[in-house]
Amino acid sequence: MSVVEPQVDSRDPAPAALDVRDLEVTFHRRGRDLPVLKGVTLRIAPGEAYGLVGESGCGKTTLAMAALRYLASNGTVDAGQVLVEGRDVSTLSDEALRKWRGEAVAMVYQDPAAALSPAMRIGDQVAEVFRYHEGLSKAEALKRARESLRRVALPDPDATLRRYPFELSGGQQQRVVIAMALAVNPRLLVLDEPTTGLDATVEAEILDLIEELRGRIHAAILLITHNLGLVARLCERVGVLYAGRVVEEGPAREIFTDPRHPYTMGLLRCVPRFGMNKTDAALQTIPGTLPALGEPLEGCVYSARCPMAKPVCIRREPDLYAWPGDGGPRGRAEAEAMPPEPAAFSPHHANPVGEAARHARCYFSAEVAQMPHLTPVLATSLEARGATAGAVLEIDDLVRTFRDGRRKLTAVSDVSLNLRRGETFGLVGESGSGKTTLAKCVTGLIAPDSGTVTFEGKRLRATAGRRSQDALRAIQMVFQNPDSTLNPAWSTRAILTRAVRKLGSGGSVRAKVDKLSADVRVEPRFLIQKPSDLSGGQKQRIAIARAFAGDPTLVVCDEPASALDVSVQASILNLLVELQTNEQVSYVFISHDLAVVRYISDRIGVMYLAELIEVGSAEEVFNPPHHPYTEALLSSIPTLDFGDRRERIALRGTMPSLSEPPSGCRFHTRCHRTLGDICVEQEPPVQEAAPGHTYKCHIPPHELLAAQATAEPAAPIKA
Amino acid sequence: MAAAGTTPDRRLDELQADAAAAAEQRRQRRYLVRSLLRSPTFVVGVLIVLFWVVMGVFSTTFTQPPALPHPFAILQSPSASHWFGTDDLGRDVFARTMAGAHTVLIIAPLATVLALLWGGMVGLTAGFYRGLTDDLMMRVVDAFLALPIIITAILIISLLGRSYAILILVIGALFTPVISRTIRSAVIGEREREYVMAARLRGERSAFVMAREILPNITQPIIVEGTVRLGYAVFTVATLSFLGFGLEPPSPDWGLTVATERLNLQAAPWTVLFPALALASLVVGVNLIADGLSSTFSK
């Protein structure tokens with residue numbers, strides 16, 4: 001690999017905070033070489049925030065690890081250079097590397113609980129950074145630790161110093177990790193999915209913190225995430241990674257409003273925009289599946305899934321052409337002039353061509369805006385789905401309490417709701433709000449302590465084991481975790497066969513299994529596989545097919561797409577919509593992703609601390625007047641809307657414990673619209689904002705509307 | 001699995017699908033076997049155990065009869081005619097050491113299998129049902145765990161008498177509590193998984209969920225636990241024989257031999273040394289297999 005001339009340096013006198021040139025990384029696994037990064041080039045200027053987006057397996061984390069020389073032992077850098085502030089990382093000695101990592105760079109990982117030692121007090125852990133890297137005395141280091149905790153806005157730093165990690169919430173833990181990362185005043189900060197796994201309101205707090213810190217520290221940031229909204233909010237520039245290749249790069253705003261690579265376009269189209277509903281627009285999915293790690297790809301890495309692909313795309317891989325410019329068409333002409341022999345990727349074409357701000361690896365960048373829409377099934381209206389006035393499911397005053405030693409945790413407190421045929425009831429709320437417990441009470445996996453579940457007019461037995469086979473057939477569940485939802489010891493066909501045999505209504509078992517797998521679009525060849533050989537999306541499709549084995553009336557979906565990549569998530573959501581249209585099934589749909597819930601639900605319930613605090617149609621709940629908690633939740637989601645000037649509502653404090661719920665209104669400890677004593681002392685009444693739209697709050701609807709209407713409503717979204 | 005109970009109208013493509021599934025299963029099994037064979041720990045362990053199995057079965061066909069006394073060659077040191085020397089009755093120590101594998105390799109594996117069966121049932125039931133069932137069963141298990149194995153075994157054997165069957169039953173019963181704990185914890189890890197919930201929502205009977213859903217997914221810890229217990233079982237058989245509650249003379253059992261010959265320890269150390277070494281090597285071999293298995297499984 002030839003050394004790249006430092007041409008870019010003439011433009012910018014200060015060396016880049018991170019300069020990755022033609023980086024190629026290969027992993028060696030079970031005797032096979034899997035190329036993970038294929039000539040990645042990117043540059044982050046000092047103080048700049050750069051977002052690296054892409055789905056799982058595209059090499060995002062590998063790039064970060066290679067940049068900090070933390071590559072796992074089975075990974076090798078085959079070519080290319082990583083320069084941090086002009087220094088080649090690979091030439092550092094072990095001692096210099098350690099010193100450099102301590103002084104110049106810092107990393108924040110996805111799981112804060114894993115980044116902190118569970119056996120050490122927070123104070124000792126944070127102080128260690130100062131003692132080790134700055135040689136401070138113990139007392140001095142503790143003092144600095146306290147300052148750094150204050151900097152990340154942890155309440156009561158003195159008390160926090162004495163705590164152990166398990167005594168802090170996930171958001172607080174991540175603050176501590178960020179405090180430790182910033183302790184050394186790094187000049188490069190790598191954030192690897194820093195808010196994935198945190199609740200929406202906590203995520204918003206962490207984002208606020210990072211945004212606020214950016215004004216004070218001068219670190220360049222490399223943000224790795226699958227969440228486009230996060231990048232839109234935090235980063236100036238963004239690189240889109242696909243199968244180990246940067247396919248598009250440029251200023252975040254331009255990339256997200258005017259993408260010039262079909263993959264970027266596909267990603268943007270497959271996330272439900274805020275305010276979208278299944279009856280307005282179907283989600284655009286990306287055809288095909290993500291390539292497996294290191295899978296050999298001919299020509300353009302994206303050609304196999306690209307709706308715009310032409311034969312020339314397979315003939316030779318396009319370069320990273322400057323946009324706007326004529327590089328694409330010229331490259332296309334060159335490629336067409338080549339002898340018709342498909343060439344795999346060509347490393348000497350890895351560098352960006354030209355000095356432009358934007359680059360896209362596509363011959364047809366000019367046409368991306370007109371990329372054809374796929375037309376998946378649009379949901380029919382609720383009436384057409386057979387929704388009748390009578391409820392399919394009625395839940396009345398459901399209560400479920402768990403015991404944790406001597407403490408009583410009420411996970412579901414007096415919840416009542418109903419659901420019509422063909423309707424989707426979305427259930428939102430943060431972790432620990434009782435969503436899943438409620439869902440399991442409906443399916444009979446958990447017995448409620450009191451209250452009733454009535455299904456088609458008949459009261460259901462508390463547990464699945466006591467319900468009739470007919471009741472079981474009618475109420476099924478799709479679970480969250482694709483890796484544990486299917487029995488790893490069974491073949492896919494055996495799983496479906498067993499489900500049809502137990503739940504099906506006679507007829508040929510085999511034919512039904514074939515129909516089910518066809519309905520969920522799993523090719524027959526996958527039926528002989530064990531779940532471990534299927535992708536996450538395929539596993540979830542089989543799990544959905546299993547739930548539909550007995551033609552159910554109600555399917556409870558507990559975060560069915562949350563663990564999947566966005567393009568796969570879109571296809572799963574479309575599948576659920578399609579099945580609902582065809583089979584007139586009702587859904588209880590649980591998710592923490594508000595845009596997803598808004599998209600798929602007809603009605604929505606919001607849970608906070610075991611109580612259902614608001615119920616209404618999807619549109620009503622997501623527009624004022626609504627419960628202050630709903631308002632805060634909505635304000636916390638990062639969107640791709642750059643014109644979005646909504647004020648973010650920061651909730652005070654942390655989620656109270658379920659064992660000691662606050663008096664009066666449970667939300668009063670964190671509410672930004674609290675009225676004072678009445679909220680603390682009296683349980684709020686149920687107020688009706690519109691027919692069928694109710695919420696629990698002391699503030700009457702017209703006052704709420706007046707207060708909330710000042711905030712701009714979410715801009716209308718075009719698909 | 002895919003073929004389970006299909007109707008008679010099995011079509012060709014279904015047969016092909018089954019064949020492909022079987023091939024896939026074979027491929028995965030081959031991969032496991034290959035990675036096991038690449039583990040030196042496992043291979044050495046298997047070689048040692050295999051050696052003793054062969055000796056246990058065939059040694060009498062090529063050694064002198066282990067019980068044959070040579071009245072004129074008492075307590076002779078190792079030589080060309082008696083590789084390991086002779087004991088106080090003039091019996092060939094080599095022949096007896098090799099033949100000593102026979103009894104222990106019958107009793108210990110059978111006792112282990114019995115313990116796995118019983119422990120499996122207890123562990124599955126307790127781990128699956130949890131709650132009161134689990135509490136009651138595990139308190140009983142705890143009580144049994146508190147019993148010293150050797151002393152309890154001696155007690156039972158002196159009440160019931162000595163025989164192969166009783167030895168197997170006693171050791172099997174005494175190993176059941178430990179095994180049931182291991183299996184219980186494996187079951188608890190599996191029962192909260194979503195596929196078990198899906199089975200409950202299908203209306204599967206508990207026995208089906210335990211045997212068909214959970215059991216196939218906990219075979220690896222069961223195999224490892226079984227192998228570890230086998231090592232202990234070998235040791236327990238030898239200990240009981242040593243104490244005079246296992247096998248009876250003139251059996252060439254190692255534990256028994258060490259006990260009877262220990263009077264000659266100073267004059268003729270080989271009479272004790274070789275059976276003791278044999279015992280140690282078998283136990284080490286079994287434990288090497290267990291180590292190899294568990295490290296391959298956990299990869």
Side-chain angles (χ1 to χ4, degrees), chain A residues 30 440 443-446 463-473 475-503 508-511 513-514 524-525 527-533 539 543 546-547 549-550 552 556 558, chain B residues 1-29 31-32 34-35 38 128-129 131 189-220 299:
Chain A
R30 292 180 187 167
K440 287 185 174 172
T443 53
L445 289 172
I446 291 178
T463 58
R466 294 180 178 195
R467 291 185 184 171
S468 69
Q469 206 62 25
D470 278 330
L472 291 175
R473 174 179 305 140
I475 305 179
Q476 280 291 307
M477 188 158 178
V478 176
F479 299 92
Q480 174 173 10
N481 185 349
D483 293 326
S484 82
T485 194
L486 305 178
N487 190 332
W490 290 29
S491 76
T492 313
R493 180 176 286 281
I495 290 168
L496 291 183
T497 303
R498 184 72 196 176
V500 170
R501 189 156 290 141
K502 289 297 283 189
L503 299 173
S508 160
V509 170
R510 204 191 130 75
V513 169
D514 288 341
R525 67 191 167 98
L527 290 182
I528 62 167
Q529 309 274 31
K530 294 270 177 72
S532 55
D533 299 318
K539 285 181 212 171
R546 177 178 64 191
V556 176
D558 188 0
Chain B
M1 191 74 63
T6 31
T7 40
D9 66 323
R10 283 166 63 97
R11 295 200 308 256
L12 187 63
D13 58 337
E14 191 181 348
L15 288 170
Q16 280 168 345
D18 288 349
E24 174 62 24
Q25 214 165 17
R26 278 199 302 277
R27 193 188 64 78
Q28 287 181 2
R29 212 167 288 153
Y31 176 76
L32 190 67
R34 221 176 306 134
S35 44
R38 230 174 278 145
F128 180 76
Y129 286 106
E190 288 296 315
R191 79 187 282 273
E192 298 300 333
R193 309 203 88 192
E194 291 166 349
Y195 69 84
V196 177
M197 293 188 216
R200 285 171 59 194
L201 290 186
R202 273 202 311 269
E204 300 286 7
R205 293 210 316 272
S206 300
F208 181 92
V209 180
M210 282 190 260
R212 300 286 304 280
E213 299 270 357
I214 294 180
L215 195 59
N217 289 304
I218 57 170
T219 48
Q220 294 191 346
K299 246 187 253 170

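Bear in mind that the values here come from a model prediction, so they are computed numbers and not experimental data. Every chain is numbered from 1 and lettered A, B, ... according to where its sequence line falls, protein lines coming before strand lines.
Legend: residues meeting salt bridge (charged side-chain N to carboxylate O under 4.0 Å, His left out) with Arg473(A), ordered by chain and number and at least two apart, are Asp470(A). Residues satisfying the side chain to side chain contact (heavy atoms under 4.5 Å, CB included) criterion with Gln480(A), sequence neighbours excluded, are Glu559(A), Ser562(A), Glu194(B).
A donor-acceptor pair under 3.5 Å is formed between the side chain of Asn487(A) and the backbone N or O of Glu213(B).
Only the side chain of Asp533(A) comes within less than 4.5 Å of a heavy atom of chain B; its backbone N, CA, C and O stay farther away. Both the backbone and the side chain of Arg498(A) come within less than 4.5 Å of a heavy atom in chain B. Only the backbone of Leu486(A) has a heavy atom closer than 4.5 Å to any heavy atom of chain B. Glu190(B) does not touch chain A: none of its heavy atoms, backbone or side chain, sits under 4.5 Å away.
With chain B as the partner, the residue from Thr443(A), Val509(A), Thr492(A), Asn481(A) showing the most heavy-atom pairs under 4.5 Å is Asn481(A). Between chain B and the residues Ser484(A), Ala499(A), Ala471(A), Ala464(A), the most heavy-atom pairs under 4.5 angstrom are made by Ser484(A).
Between Leu472(A) atom CG and Glu204(B) atom CD the span is 10.0 Å, to the nearest 0.5 Å.
In this structure, Leu201(B) and Phe479(A) approach most closely via the heavy-atom pair CD1-CZ, 4.2 Å. When all heavy atoms are compared, the tightest approach of Gly203(B) to Lys502(A) is O-NZ, 3.5 Å.
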